[in-house]
Amino acid sequence: MPAAFLEKCQLQTLFDALRGDGYQVVGPTVSQDAIVYDEIRTVDDLPRGWTDVQEPGKYRLERREDDALFGYVVGPHSWKKYLFPPLTTVAAADRTDAGWAMSTPAAAVPRYAFVGVRACELAAIRVQDRVFLEGPYVDPIYKARREATLIVAVNCTQAAATCFCTSMNTGPRCTAGFDLALTELPAGFIVEAGSDRGTALAARLPLREAGEQDLAQADEVRERAVNDIQRRMNTDGIRDLLLGNLEHPRWNELATRCLSCTNCTMVCPTCFCTSVTEVSDLQGDHVERQRHWDSCFNLDFSYMNGGLVRNNVRSRYRQWLTHKLASWIDQFGSSGCVGCGRCITWCPVGIDLTEEVAAIRETAS
Amino acid sequence: MVANPWLSHTVRIAKITDEIPGVATYDLEFVDPVQNGSYRFLPGQFNMLYLPGVGESAISLSAHPDSRGRWAHTIRVAGNVTQTLARLGTGATLGLRGPFGSSWPIAKYHGWDVVFVAGGIGLPPLRPAIYHVLDHRADYGRVTLVYGARSPDTLMYPREYDRWKAAGIEVQTTVDRATPDWKGNVGTVTVVLDRLPLARPDRTVLFTCGPDVMMHFTARSALQRGLTAEQVWLSAERNMQCAVGLCGHCQLGPEFICKDGPVFRYDRLAPFFRVEGL
Amino acid sequence: MPETRTIRVEALSRVEGEGALNIRLRDGTIENVQLNIYEPPRFFEALLRGRPLEEVPDITARICGICPVAYQMSSVHALEAALGIGISPEIRRLRRLLYCGEWIESHALHIHFLHAPDFLGYESGIAMAADHPLEVRRGLRLKKHGNQLLEVLGGRAIHPVNVAVGGFYRAPRREELAALIPDFEWGLEAAVDMTRWLAGLPFPEFTRPYEMVALSHPDEYPFNEGDVASTAGYTIRVSEYERRFEELHVSHSTALQSQRTETAGCYFVGPLARVNLCRDRLSPAARRLADDIIGFETPCLNPYKSIIARGLEVVHVYEEALSILRDYRPFQPARIAFTHRAGEGCAATEAPRGLIYHRYRVNAEGLVEFAKIVPPTSQNQKQIEDDLKAYLPSIMAEPDNRVAELCERLVRNYDPCISCSTHFLKLHWDRR
Amino acid sequence: MTYRPKLAVFKFASCDGCQLSLLDAEDRLLDVAGAVDIAYFLEATSRVVPGPYDVALVEGSITTPHDAERIREVRRQSKFLMTIGACATAGGIQALRNWADTSEYLKVVYARPEYIRTLATSTAIADHVPVDFELRGCPINHHQLVEVIAALVAGRRPRTPGHSVCLDCKRRGTVCIAVAKGTPCLGPVTQSGCGAICPAYDRGCYGCYGPVGQANVTSLADHYVNAGTSPQQLVPLLRNFNGYAPEFRKESERLAR
Ligand SMILES: Cc1cc2nc3c(=O)[nH]c(=O)nc-3n(C[C@H](O)[C@H](O)[C@H](O)COP(=O)(O)OP(=O)(O)OC[C@H]3O[C@@H](n4cnc5c(N)ncnc54)[C@H](O)[C@@H]3O)c2cc1C
Ligand code: SF4
Ligand code: SF4
Ligand code: SF4
């Protein structure tokens, strides 16, 4: 499909089409003084005229001068909350006369249409695909949700001070992994299809052919995002750099700053760690196994009978950084970081992994 | 539909054999006869044993690799799951998922000398490999088991040593604390290992399972004795929740102990093993 | 040889907090009756000094885990008076709703777990559940509604986190409150049934010439605002409270006790006082129930019948809560902005167990300089002792343990909440 | 017969809220009452069965000489002693006296201070006797309480997660108010258990569940001070219900200097 143009006033037709197809449309909305992902019904639910200003440990919403609908970057939520929900029941057991009967609780699979997915987020979904779908074992919950999801991506036209997707080769341009991709211009959207599903969907929208001027303008706004990106991370040989410096003094220094609070792992769109808890009635006759998000920053995470393997902040921060940026490559064939900058913004004390990597590189052994 | 990797299968305790204080061997059989007939495992693999409402634990199979219909697990009482399990009797049911993980590549070493080094509860995970050697004794050269325990009464499976010896396995036991009637070795397994005559270090393979420190020193000793890191295999241990590489708990450097291990060739783990807090 | 008989209840049960009862009889006459509250002192009035005033509702909540909202409400109202903050009608309604939650929870607890077992001869509500499963389960469900309301409005049932000087930290979403409506509709009917059940309990014949005191508001059943009215015939503004009522630190080792300043007499606060004084402001369903169905006569001077008053109040708060829930729309601002200034203010509200009074002085930096807190139980305490003195002659013939048991029951009429040791004392045991 | 532990509830200086939590488990209360033998629980029952007890739930802090004696007796009578709540675990709000002159406090509150017997400090139960398990919170969470009781009945260790409040905020989708609004929030250094309610109600966490394991309070405080919160504002934030817990105490004393 050649690039097409959707008038701004026609964006609702996209939502209507998606809802008509039985999708629950989720996308950016303003809530709790941030742009978060939630159910959206109409174009008016989008953060029209809002932008975000981010720096390490700080996020603020601000008014824009225009009425842009997608004039901000990524917020505290990521799409993993839909594809890989924070709490799910993975198994159940009931006591019967013949002993324990085990079962898989039936779970309805929601059909989501994600609207407003950024390039780094497409990359993050791709990373989680590798984790949950492409190893020897497949996560059925992720798989079912992932397959039922349609993705409408949006190209960034600006960047936050915390973004570094260009260093991770994940953005800001959406190149793959979407059904439709939009580029917002003052009058409307350049629409590209990235899949057959997307092409079919586009065919039902009141699109017109994109003019040369539109396309040129789109290139320009997308270029603006590229130029906006200030933060860099040098990834040359990063696996060996980090795994070869497990005793670097920087880890000790980090331990004085890091709170081990888990925020960076929770907001990271690729972190996938979980724990399973038993939830039962008092008699213990019906038991459910609940899986919930967990983090390598938690003390109990590395518990083994008799002690904790990672019994200090130093080792826990090191686990996070080396896993994300180094051992992930061994495990899944790509970095675990997509350069979205969330962990930098949402770290309550503003620890910035790009700075930490640079510091280690500077004095690496 | 993809199989649910968290779904356990119901097994029944068919037999309980007390080993040493706090350790017993549980013979488990699947309630579903079809499953009981088709279940197979490799030496060194483990199952997740599940007590609903209490939790799940990784437990190696200690059974004969050709077992049929009953699957032995030797379990030490440690905490929640294992303690509750210890209160169950025969006939009780529990959940089992597995088998998981890599195995002792024992069959690949035909013609080699074999050294097993076990510490404490590290012997059960090695037992299936020992059984394999017993059944295929002619395929191997000199075979030695070095086994260390805290004290003589905590040595596991003593009733089997005679049979193992009779089949031509040299069994060298050692204890940290000797009792007056103890006539054997005293000290760590490495003390015994260091004295062990190795006729052909280039054709000797070493399999070890036990506490991290013990395996660390065992590997070091093996390397000093002329084995290469490629000739040493160990079974590692970390907290495990899913056993299928999806929960993230069991990472050790780049490895997921559950699916990349628990059995590793030492050269693969060496850079990360024993790094404090990894 | 004069014969001294000492009856002690070393630890009152089924009351909130810890107290004891000491009765000394000499030659058949009452020598001493003491309701001893041996709650260790926790010095709230002192430790509030120098704290930022914004923290006061969080800290005063910890005076009592049973009626934290009463402490929060009284303190925010008093502080708002000190700062000259006027709240919006929406905030005011939401505060009443929060109070509804606490009343339901506290009353349902007291009725089913602390009080009703006395009338039916059980040691606890749990024991009573074996024979009266429907009543107890219904009571638990009502109690749960109260807690659910507190959880939605306040974040949690005990020590809610959402009460702020000036309003609320966050106004609830409409769906959050609307979700409660079906339960509350059920609860309203269940509360009516419950009260009919309570009205049928066997009540001892025992009345006293009480002076009853409660807040009174011209248009509303009193929770959070009003004048202080007395069955003795006077009505005063809350700002005059400390002139009419004084607290004494009595030597016979009990808590600070309140009394009427002029007469040194005792007075009675709580549900029965409120119903006696404000019956006409009960909700329609509660009034209909009192008038036509159970025929509850006021003035009622039988303290045992407090349990019926509590039941009527549960009906009232369900009905009031429902109307607030149904009309609720989220609003802005949830909290009125204010600037610090030096000032002093007082307020009284109605805790489930009676009138509660707070006064604060704050400085221009927003720090508390002075705090005075008069909880309901310290006001009832003298009345309780007085009741016991009047009651004892009629039961003196009974054996000690029976006397003790009967006295304990009398105490429970007041739903005393004696953990509120803003300034209660440790008891010196009389071990003679 | 399953094991039905004999349970007692004891109260020291406290607000009663934690023991009330047991009665707040409405849906499960009758189950709990069936699963354990409630042998001593004054707030709920007149039935008093003398010790020894299998499980003692201890609420409140030690503030009087008599209580300092009484807790020893409770310990002697109890096989498994569990503290419930911030008072019992860290001294509670009344531990503010530990930084003050208690005789001053006495004069402020009481007309006749000579009638009062009190200690100069409010201290945690563990400062007086060995404690087998601590359930945190001001107040405790009744779901956690039921879980602990279920665990005791089942003979296993209770599951009370030891992560920070942040993790629960993230699980429930609450946006971090420290980052998005600059509100000083103790969540990152506070143990979970409450369900992360404060940030969901648009206010900073004030530390009801006390310091999380290995809490790095200094780093957080330094950050807030750099971002414009004065130490004078942080000291009272740290000094409330868990103010005397070592990690909070140390930091508030550092800031106060
Ligand atoms: C691959 C592998 C094989 C094992 N084989 C055996 C065996 O054959 N026999 C045997 O007695 N023990 C074995 N263990 C150790 C056994 O898993 C732990 O002793 C057991 O999980 C303790 O559980 P618990 O509930 O009784 O203890 P708790 O201390 O109550 O532990 C609670 C939970 O933490 C996790 N956990 C605690 N310790 C460990 C641990 N060491 N490894 C993994 N998870 C842990 C488990 O989920 C456990 O249920 C093996 C461990 C691994 C990783
Ligand atoms: S960084 Fe930590 S939480 Fe994230 S995936 Fe890796 S181990 Fe899990
Ligand atoms: S590590 Fe940080 S920048 Fe990288 S993907 Fe995760 S949150 Fe984004
Ligand atoms: S790096 Fe920041 S967000 Fe991550 S655990 Fe440490 S303090 Fe928390």
Side-chain angles (χ1 to χ4, degrees), chain C residues 11-18 39-47 49 51-52 55 58-59 62-66 68 109 113 117 123-127 129 136-137 140-141 143-144 147 155-159 161-162 164 169-170 248-249 251 253 256 334 408 417 419-423 425-426, chain D residues 11-21 23-24 26-27 29-30 33 38 41-48 60 63-64 66-67 92-94 96-97 100 102 104-112 115-118 122 138-139 141 194-195 197-198 200-203 206 208 233 236 240-241:
Chain C
L12 291 166
S13 65
R14 281 188 284 127
V15 297
E16 292 135 336
E18 300 210 316
E39 278 284 337
R42 294 199 291 146
F43 304 114
F44 275 92
E45 291 163 339
L47 58 82
R49 293 188 171 192
R51 301 290 293 198
E55 289 182 350
D58 296 329
I59 295 179
R62 269 69 181 185
I63 293 173
C64 170
I66 293 96
L109 172 72
F113 283 86
E123 62 197 16
S124 71
I126 291 161
V136 174
R137 283 183 192 279
L140 280 170
R141 217 171 136 184
K143 181 172 172 318
K144 188 176 177 191
N147 277 339
R156 65 182 166 206
I158 302 174
H159 307 332
V161 304
N162 197 15
Y169 286 97
R170 161 165 91 66
L248 285 193
H249 192 174
S251 64
S253 78
L256 294 197
E408 244 191 301
C417 170
S419 55
C420 38
S421 48
T422 51
H423 44 219
L425 316 190
K426 164 149 172 20
Chain D
K11 177 187 151 71
F12 292 83
S14 69
C15 78
D16 266 43
C18 289
Q19 47 175 314
L20 182 72
S21 297
L23 298 177
D24 268 0
E26 291 96 3
D27 295 335
L29 178 60
L30 297 179
I38 300 180
F41 183 10
L42 285 182
E43 183 168 311
T45 175
S46 302
R47 174 166 175 259
V48 171
T63 60
T64 68
H66 173 247
D67 280 355
I93 185 74
Q94 56 274 15
L96 283 182
R97 76 173 69 176
T102 305
E104 279 302 308
Y105 271 28
L106 268 168
K107 273 186 251 162
V108 167
V109 177
Y110 295 100
R112 309 285 299 272
Y115 297 160
I116 311 278
R117 287 232 195 116
T118 183
S122 166
C138 180
N141 175 320
C194 61
I197 42 188
C198 284
Y201 281 80
D202 213 358
R203 63 176 295 189
Y206 56 101
C208 299
Q233 285 168 285
N240 52 38
F241 321 107

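These numbers come from a predicted model, not from an experiment. Note on naming: letters A, B, ... go to the chains in the order of the sequence lines (proteins, then strands), and numbering restarts at 1 for each one.
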Open item on the list: I'd like to know which of D:Cys138, D:Ser21, D:Ala33 tops the heavy-atom pair count under 4.5 Å against chain C.
Closed with: D:Cys138
Open item on the list: If you count heavy-atom pairs within less than 4.5 Å of chain C, which of D:Ile93, D:Leu29, D:Asp24, D:Asp202 leads?
Closed with: D:Asp24
Heavy-atom distances under 4.5 Å only: say whether [X] touches chain C with side chain, backbone, both or neither.
{"X": "D:Ser122", "answer": "neither"}
{"X": "D:Cys208", "answer": "side chain"}
{"X": "D:Leu30", "answer": "side chain"}

TODO: Using atom types as modelled and distance alone, determine if a side-chain donor or acceptor of C:Arg156 lies under 3.5 Å from a backbone N or O of C:Val161.
DONE: no
Task: Listed partners of D:Arg203 passing salt bridge (Lys or Arg N to Asp or Glu O under 4.0 Å), at least two apart - done: C:Asp58
- [ ] Not counting sequence neighbours, which residues clear ring pair (Phe, Tyr, Trp, His ring centres under 6.0 Å) with D:Tyr206? List them please.
- [x] D:Phe241
Open item on the list: Could you tell me if D:Glu26 and C:Asn147 have a donor-acceptor pair between their side chains, going purely by distance under 3.5 Å?
Closed with: yes
TODO: Specify the closest pair of heavy atoms between D:Lys11 and D:Asp16, including all atoms of both residues, with the distance to one decimal.
DONE: NZ-OD1, 2.8 Å
Open item on the list: Between C:Arg141 and chain D, with a heavy-atom cut-off of 4.5 Å, which part of the residue counts as in contact: side chain, backbone, both or neither?
Closed with: neither
